[in-house]
Number of protein chains: 2
Amino acid sequence: MNMKRPRRPLTLRDVSEASGVSEMTVSRVLRNRGDVSAATREKVLTAARTLGYVPNKIAGGLASQRVNLVAVVIPSLSNMVFPDVLGGISAELDDTGLQPVVGVTNYSPPREDAVLYDMLSWRPSGVILAGLEHNKAARAMLENAGLPVVEIMDVDGTPIDCAVGISHKRAGAEMAEEILNAGYRRIGFIGTHMPEDHRARKRLAGFEARLGEAGIALAAREFYQGGSSLLKGRELTERILSREPDLDFLYYSNDMIGAGGLMWCMEQGYDIPGKLGLAGFNGVELLDGLPMRLTTTDARRIDIGRRAARIVAGKEPKPEDGVVAFAPTFLPGDTIRSR
Amino acid sequence: MNMKRPRRPLTLRDVSEASGVSEMTVSRVLRNRGDVSAATREKVLTAARTLGYVPNKIAGGLASQRVNLVAVVIPSLSNMVFPDVLGGISAELDDTGLQPVVGVTNYSPPREDAVLYDMLSWRPSGVILAGLEHNKAARAMLENAGLPVVEIMDVDGTPIDCAVGISHKRAGAEMAEEILNAGYRRIGFIGTHMPEDHRARKRLAGFEARLGEAGIALAAREFYQGGSSLLKGRELTERILSREPDLDFLYYSNDMIGAGGLMWCMEQGYDIPGKLGLAGFNGVELLDGLPMRLTTTDARRIDIGRRAARIVAGKEPKPEDGVVAFAPTFLPGDTIRSR
DNA sequence: CGCAATCATGTTACCGTTATCGTGTCCGGC
DNA sequence: GCCGGACACGATAACGGTAACATGATTGCG
C-alpha cells in the first residue's frame with residue numbers, strides 16, 4: 001500500500017491535500033455529517049484509506065466539546081459479577097456510539113477518588129459507578145461535573161444523580177425468609193471482612209433483621225480477608241462447622257465461596273439440604289455446572305448494566321425519584337429444603 | 001465548599017483568576033513541572049481544590065502530543081484468563097503514570113479492526129493486543145502508528161513489533177508427552193469450534209503432532225460453539241464418552257469445560273485418573289477448590305501481562321529478536337496418573 | 001426569467017492546555 | 001557597583017480538529 005513510512009503522524013491536512021479538498025470537507029466525510037457529493041466522498045475515502053489515516057479524537061473532542069466515552073467505575077474485576085454488568089452496558093451502548101471505559105477501585109475509597117478524577121479529566125459523556133457510598137471529594141467531583149451519573153448495584157441510600165440496582169437489605173431479608181420457611185434455625189454466616197463492601201454489609205443487615213423478627217440470632221459468623229475463591233469457601237466452611245457443628249444452614253456473602261463450601265460439605269458427606277442448607281449470592285453462571293445447584297439470589301447484574309447504560313445514553317429519562325430498583329430474585333437451587 | 005454550581009465547566013483560566021497568577025503557572029503547579037515558589041503553589045492548589053477543578057486531558061493531550069493511555073485489546077472478558085493478564089499489566093503500569101484501556105473483540109477480526117481503529121484514534125502511548133493473527137488493515141494501522149506494539153499470549157508466528165507469550169504448539173505437545181508417558185492411549189479432544197481462536201488451534205496441532213510421533217491418532221474429538229462453561233463441559237463430555245466409551249483420556253481446550261467434564265465424570269463414578277484421565281488448559285484459580293485438581297498447563301498469564309507492560313512502558317527494551325517466550329508449565333493435578 | 005431555497009464546499013474562529021521563549025528580580029562574587 | 005546566573009513567572013503560538021457562518025453554483029417554481 002503506502003510505501004513510505006510517515007514519521008510525522010498524519011492529519012486531516014494530509015488527507016485534504018491528497019484528495020484536493022478542504023480539511024473541513026474531509027472531516028465531514030469521515031464523520032458522515034453534512035452534505036458531501038458522492039464523488040468527493042469517494043475521493044476522500046480512498047485517500048484516507050491509502051494513507052492509512054486514523055482520526056485524532058483528542059483534537060476532535062477538544063473542538064467539539066464532546067467525547068464518546070462513558071466512565072464505568074467498579075470495585076473489582078475478579079468476582080465473576082463484573083463481566084455481566086459490563087456485558088449489559090456494552091450491549092446497550094453498542095448502537096449509541098458511546099464507549100465504556102473501565103476503572104477499578106479495589107474497594108478503596110481513596111483509590112476511587114483517584115480513578116474518578118482521572119476519568120473525569122477525559123470529560124466523558126457520563127459516569128456509571130458501583131455503589132452509593134463515596135468520599136465527599138468524589139461526590140463533589142461528580143456533582144460539579146455536570147453530566148449524567150448512574151450509581152449501580154445498590155439502591156439502599158441516596159443517589160448523587162440516580163441509581164439502578166437492587167436493595168441488598170431486601171435481598172438479605174428475603175433469603176432469611178426462605179431459610180426460615182424451610183425450617184432451618186441454627187444459621188451461620190460467612191462473608192468477607194471488608195468495611196468498604198457496603199452491599200455485603202447491607203445484605204447481612206437485612207438478613208439478620210429478618211432473623212431477628214423471627215426471634216432468631218445468627219448462631220455463628222466467619223469473616224475472611226482478600227478475594228473470594230472456592231478454596232477460601234472450603235477453609236471457612238470447615239472452620240465454622242468445626243466450631244459450631246450443629247449449624248443447619250450457611251449463608252455465604254457470594255456464590256464463589258458458597259460453591260467452595262458446597263464442595264467441601266459434599267465431600268464430607270453432609271446431608272444437603274436435609275441436615276444442612278447452603279446459600280450464596282449473585283447467581284453466577286458458574287453454579288450451573290456444579291454437582292448441586294447452590295441456592296442463591298440473582299442480583300440482576302445484566303439488567304442493571306443495561307438500564308444504567310440506557311440512562312447515560314439518554315435512551316430513557318432518569319427515573320422520577322432517581323431510583324430504579326430491580327427485584328432480587330430467589331433461585332432455589334438444590335441446597336435448601338423445598339416445602 | 002463552593003456554593004454556586006458552575007454551569008460552564010471550569011478551566012485553567014478560572015483557577016488562574018481565582019489565585020491571581022497566569023494560567024501557565026497554574027498548569028505548572030498542577031503538573032509539578034518547572035519552578036514555582038512554595039507560596040504560589042499553595043495558593044494555586046487551594047484555589048483549584050475549592051473550585052473543584054479537574055484538568056482537561058483532552059486539551060492537555062492535544063497540546064503536549066502525549067497521552068498516558070495504553071490500549072489493551074483482547075478477545076474476551078468471560079474466560080477467567082483475562083483478569084490475570086490485566087492484573088499483571090496494571091500492576092506494572094501503576095508507577096508509570098500510564099493507564100490501560102481495554103477493548104474486546106469477541107474473536108471477530110472485523111471487530112478487532114474496529115476496536116483498534118477506535119483505540120488508535122486516542123493516540124495512546126502503546127498497544128498490547130492478544131494474538132499474532134490480524135487482518136491486513138489492523139497490521140497496517142499498527143505499523144503506521146509509530147508506537148510500541150506488544151502482541152501477547154502467543155509466540156508461534158511473526159510479531160508486528162514484538163511478542164510476549166508462550167508457544168501453544170509447545171504447550172499442546174508437552175501435554176501430549178505427559179499423557180503418553182502416563183500410559184494413556186485412547187485420547188479424545190474437546191474444544192471450541194472457533195476458527196479465530198488460533199491459540200486453541202495451535203495447541204491442538206502441537207498436541208496431535210506429538211501423538212503422531214508416537215504413532216497415535218486422536219480417538220475422538222468434539223467441538224462446541226459459544227462460550228465455555230461448566231455446563232458445556234458436562235454435555236460435551238457425556239457426548240464424547242457415549243460415542244466413544246473406551247476413551248482413556250480427555251484433553252480439553254480450557255479449564256472451564258475441563259472442570260465441567262471432571263464434575264460429570266466424578267458423578268458417573270469414573271475411575272479418575274485410573275481408567276480415565278482429564279486435562280485442561282490455563283491454570284485458573286478456580287481449579288484450586290474443586291474436589292479433584294484438574295491437570296492443566298499454566299499459561300503464565302500474569303507474567304505475560306507484566307512483561308508486556310514493562311515493554312510498552314519502556315521499563316525494559318524490546319527483546320533482540322522481538323520475542324519473549326515463557327515456558328508453559330505443566331501442572332500435574334490429580335486427574336492424570338503419576339508415574 | 002428572477003428569486004429563493006438547496007446543495008456542496010470553503011473560511012474563520014475557537015476548544016483548553018502545554019512548549020518555548022522572554023522578562024524581571026534577586027543574589028553572590030569580585 | 002556591575003555582571004552572570006538562577007529563579008519565578010508571563011506572553012504567545014501551536015496542537016488537530018469542529019461549529020458556525022459564508023460563499024458560489026445549481027435548482028425549483030411561480
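Order of the sequence lines fixes the chain letters, A, B, ..., with proteins taken first and strands second; residue numbering starts at 1 for each chain.
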- [ ] Considering only heavy atoms of chain B and a distance under 4.0 Å, specify the first and last nucleotide of DNA chain D in 5' to 3' order that meet this criterion.
- [x] dA8(D) to dG16(D)
- [ ] Can you measure from CG (Leu98(B)) to CD1 (Ile89(B)) and round to the nearest 0.5 angstrom?
- [x] 11.5 Å
Task: N or O in side chain of Gln65(A) less than 4.0 angstrom from dG16(C) OP1/OP2 - done: yes
Open item on the list: What is the separation between atom CG on Asn56(B) and atom C1' on dT18(C), rounded to the nearest whole Å?
Closed with: 12 Å
- [ ] Send over the distance from Met24(B) CE to dT23(C) P, rounded to a whole Å.
- [x] 17 Å
Task: Salt bridge Arg307(A)-Glu92(A), side-chain N to carboxylate O under 4.0 Å - done: no
Task: Lys136(A) side, atom NZ; Asp113(A) side, atom CG - distance, nearest 0.5 Å - done: 12.0 Å
Open item on the list: Using a 4.0 Å cut-off on heavy atoms, which residues in residues 26-48 of chain B reach DNA chain C? List them by number, or say none.
Closed with: Ser27(B), Arg31(B)
- [ ] State the CG-NZ distance between Leu45(A) and Lys43(A), to the nearest 0.5 angstrom.
- [x] 12.0 Å
Task: Leu62(A) CG - dA13(C) P separation (whole Å) - done: 18 Å
- [ ] Please name the residue in the list Thr105(B), Ile74(B), Leu142(B) that meets the side chain to side chain contact (heavy atoms under 4.5 Å, CB included) test with Leu129(B).
- [x] Leu142(B)
Task: Listed partners of Arg28(B) passing side-chain hydrogen bond (donor to acceptor under 3.5 Å, both in side chains), at least two apart - done: none
Task: Between dA19(C) (C1') and Leu12(B) (CG): distance, integer Å - done: 14 Å
TODO: Assess whether side chain to side chain contact (heavy atoms under 4.5 Å, CB included) is satisfied between Ile128(A) and Val70(A), documenting all intermediate values.
DONE: CA-CA 7 Å; Ile128(A) 296 176; Val70(A) 174; 4.1 Å; yes
TODO: Whole angstrom is fine here: how far is it from CD1 in Ile58(B) over to C1' in dC14(C)?
DONE: 16 Å
TODO: Working to the nearest 0.5 Å, report the span between CG of Leu12(A) and CE of Met24(A).
DONE: 8.5 Å
